[in-house]
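Notes for the one structure printed next.
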Amino acid sequence: MQTLPPPADDAIAHSAHLRETIQEQLIAAGGSLPFWKFMELALYAPGLGYYSAGATKFGRGGDFVTAPEVSPLFAACVADALTPVLRQLGPEAQFMEIGGGSGAFAETALAKLLANDALPARYAILEPSADLRERQRERLQSRLPPLLFELVEWLDGPIQDAWNGVLFANEVIDALPTPRFSIRDGEVFEEHVALDGEGRFLRTDRPADPMLAAAVRHVERQLPEPFAEGYRSEVLAQLPYWLQAVAGGMGDGAMLFVDYGHGRGEYYQPQRRDGTLRAFRQHHVVADVFAHPGLQDITASVDFTALAEAGVGAGFEFAGYCSQASFLLGNRLQDNLALAESRAADELARHNLRQQVKLLTLPSEMGERFQAIGFQRGVELGAAFLAGDLSHRL
């Protein structure tokens, strides 16, 4: 693992402030916090957390690159996949994006939906970070024509009134604060964060509450063999409640999620004895998730089986599941590439577009590590998943 240079002095001071805040809450809670609470504070503490503070997150100058930053072709294909749904729902349909990132997705998706004659009545972005919200607003206001920018609205919470439309989230569920569990003497324990004698964070275990224990046993019943002694991983027990909450008053429509992860059988393989938790800083994986809180992303892979259960449990019909590569190829990637190449300024620009496609689709890049899953109610989204269906892996 490559050694990263230390953060700048001001960044270290920022991290120290957040560390003190977490320590105070930990002490006030009696000496430990559940890991999910530590993760929540490290990522979302107002003004201090990784996603709440002002440092660049996305792109080459940040800590990781998401598909919308890799290429506008990603958003163009997603817009093509969702266009039939918006047309089925009519002119009052709404589009809600959860976690708007840099604004790159919205910029391309709105232009593509306009070209497809499928503009929603409103494009809502549910973004918890005030800093990212402002960056999105600046980008979209400067790059979109007024006709499109006027459709964009930033939400403080899910849409509670009755609405029909589409809900889209790219790399959101992996950043939800996740409980961690371990198996000790056949019992389920929850991972907590405590302090050592020098004030450093360390992990410790406490007996799991009934909700977490039930979630772990539910997963275990679907595996070929019980969890081994000492096995440690994540289980997002609150996922069904989160999904119902963000859908709000949604009636007819479709939900589409793209993220990295696995079906349940692969996620909880015996050899993956410490789960999928990791941190990212400057495009490198960081083994120590406690290092430099506020300066690195903390993430866990998605159990797509759990997401399928949550979507169906929320009253939607399962529409499909496939790799990102299959999803893009099945939703006009070649056509969108050809159109972009026809508009490119020169051969170098066309070469760059082809390189973007490789990053999005090659198995060694994002093509197989990322998956897409969809749900529908009162509409038909299933055609978006006709290429490379992987439902048998859930």
Side-chain angles (χ1 to χ4, degrees), residues 18-45 49 173-245 261-279 287-291 293 298-307 309-310 313:
L18 176 56
R19 179 180 291 273
E20 291 172 2
T21 299
I22 297 174
Q23 288 172 337
E24 289 170 0
Q25 292 210 23
L26 187 153
I27 292 169
S32 73
L33 289 172
F35 176 80
W36 70 263
K37 185 62 177 179
F38 169 87
M39 184 173 173
E40 180 181 72
L41 291 168
L43 296 182
Y44 303 108
I173 296 175
D174 66 84
L176 294 180
T178 181
R180 294 257 292 166
F181 72 89
S182 64
I183 303 298
R184 295 172 52 184
D185 297 325
E187 299 297 325
V188 181
F189 282 71
E190 179 171 10
E191 183 174 309
H192 280 232
V193 179
L195 298 174
D196 67 10
E198 298 181 5
R200 293 173 298 203
F201 297 122
L202 57 82
R203 70 187 191 186
T204 184
D205 293 332
R206 301 282 187 271
D209 63 30
M211 179 180 175
L212 180 62
V216 172
R217 296 308 187 194
H218 170 73
V219 167
E220 190 176 45
R221 284 193 293 271
Q222 298 182 18
L223 301 177
E225 56 188 48
F227 288 123
E229 176 70 14
Y231 192 91
R232 188 179 299 268
S233 191
E234 311 83 30
V235 62
L236 203 56
Q238 70 272 35
L239 183 59
Y241 308 101
W242 177 85
L243 187 60
Q244 293 181 44
H262 318 280
R264 180 162 289 158
E266 185 179 353
Y267 193 110
Y268 295 104
Q269 288 180 339
Q271 60 267 36
R272 192 173 279 129
R273 291 182 55 86
D274 199 39
T276 69
L277 190 74
R278 64 250 195 224
D288 184 3
V289 298
F290 298 137
I298 303 174
T299 180
S301 297
V302 175
D303 173 359
F304 276 93
T305 304
L307 185 51
E309 291 172 345

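Computation of the quantities below employed the complete heavy-atom set of this structure, encompassing side-chain atoms and omitting hydrogens, waters and symmetry-equivalent molecules. A quick note: this is a predicted structure, and the numbers were derived from the prediction, not measured.
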Legend entry - Pairing residues for Glu266 by the salt bridge (Lys or Arg N to Asp or Glu O under 4.0 Å) criterion, not counting sequence neighbours: none

Inset, instruction - Compare all side-chain heavy atoms of Leu212 with those of Asp209 and state whether any distance is below 4.5 angstrom. - result: yes

Inset, instruction - For the residue pair Phe35 and Leu277, establish whether any side-chain heavy-atom pair is separated by less than 4.5 Å. - result: yes

Inset, instruction - Could you pull out the closest heavy-atom pair between Pro177 and Leu236, with the gap in Å? - result: O-CD1, 3.6 Å

Legend entry - Pairwise distance CG(Asp174) to CG(Leu176) - rounded to 0.5 angstrom: 8.0 Å

Inset, instruction - Would you indicate whether the side-chain heavy atoms of Tyr267 and Val302 approach each other to under 4.5 Å? - result: no

Legend entry - Minimum-distance pair of heavy atoms, taken over all atoms of Pro240 and Ala310: CA-CB, 3.8 Å

Legend entry - Partner set under side chain to side chain donor-acceptor pair (under 3.5 Å) for Arg272, not counting sequence neighbours: none

Inset, instruction - Would you check, one step at a time, whether the test side-chain contact (heavy atoms from CB on, under 4.5 Å) holds for Ile173 with Trp242? - result: CA-CA 10 Å; Ile173 296 175; Trp242 177 85; 4.1 Å; yes

Inset, instruction - Compare all side-chain heavy atoms of Leu41 with those of Gln25 and state whether any distance is below 4.5 angstrom. - result: yes

Legend entry - Under the side chain to side chain donor-acceptor pair (under 3.5 Å) test, residues paired with Arg273 that sit two or more places apart: none

Inset, instruction - Assess whether side-chain contact (heavy atoms from CB on, under 4.5 Å) is satisfied between Leu26 and Phe38, documenting all intermediate values. - result: CA-CA 9 Å; Leu26 187 153; Phe38 169 87; over 6 Å; no

Inset, instruction - Identify, with sequence neighbours excluded, every residue that meets ring pair (Phe, Tyr, Trp, His ring centres under 6.0 Å) alongside Tyr241. - result: none

Legend entry - Any Leu195 side-chain heavy atom under 4.5 Å of Leu202 side chain: no

Inset, instruction - Quick one: pull up CZ in Arg200 and CZ in Phe290 and give me the separation to the nearest 0.5 Å. - result: 12.5 Å

Legend entry - Smallest separation among heavy atoms of Arg206 and Thr204, with atom names: NH1-OG1, 3.2 Å

Inset, instruction - Could I get the full list of side chain to side chain donor-acceptor pair (under 3.5 Å) partners for Gln269, not counting sequence neighbours? - result: Gln271

Inset, instruction - Please report the shortest heavy-atom distance between Pro293 and Ile22, naming the atom on each side. - result: CB-CD1, 4.3 Å

Legend entry - Side-chain heavy-atom pair Gln238, Thr178 within 4.5 angstrom cut-off: no

Legend entry - Those residues that, when tested against Asp288, pass side chain to side chain donor-acceptor pair (under 3.5 Å) (two or more places apart): none

Inset, instruction - If a pair satisfies salt bridge (Lys or Arg N to Asp or Glu O under 4.0 Å) and one of its residues is in residues 33-42, list it, with sequence neighbours excluded. - result: Lys37-Glu40

Inset, instruction - For Gly49 and Leu18, work out which heavy atoms get closest and say how close. - result: CA-CD2, 4.2 Å

Legend entry - Heavy-atom pair with the smallest gap, counting every atom of Gly275 and Glu234: CA-OE2, 3.4 Å

Inset, instruction - Compute whether any side-chain donor of one residue and acceptor of the other, for Thr21 and Arg19, lie under 3.5 angstrom apart. - result: no

Inset, instruction - Can you sort out the partners of Arg278 under side chain to side chain contact (heavy atoms under 4.5 Å, CB included), two or more places apart, ordered by chain and number? - result: Tyr260, Thr276, Phe280, Val285, Thr299, Ser301

Contacts under 3.5 angstrom, residues 185-192 side chains, donor-acceptor by atom type, not counting sequence neighbours:
{"unit_1": "Glu191", "atom_1": "OE1", "unit_2": "Arg180", "atom_2": "NE", "d": "3.3"}
{"unit_1": "Glu191", "atom_1": "OE1", "unit_2": "Arg180", "atom_2": "NH2", "d": "3.4"}
{"unit_1": "Glu191", "atom_1": "OE1", "unit_2": "Arg232", "atom_2": "NH1", "d": "3.0"}
{"unit_1": "His192", "atom_1": "ND1", "unit_2": "Ser32", "atom_2": "OG", "d": "3.1"}

Legend entry - Selection residues 212-232 - residue pairs positive for ring pair (Phe, Tyr, Trp, His ring centres under 6.0 Å), sequence neighbours left out: Phe181-Phe227, Phe227-Tyr231, Phe227-Tyr268

Legend entry - Note: Arg264-Glu220 ion pair, threshold 4.0 Å (strictly below): no

Inset, instruction - Among residues two or more places apart or on two chains, list those pairs meeting salt bridge (Lys or Arg N to Asp or Glu O under 4.0 Å) that have a residue in residues 20-29. - result: none

Legend entry - By side chain to side chain contact (heavy atoms under 4.5 Å, CB included) - contacts of Ala29 (at least two apart): Leu33

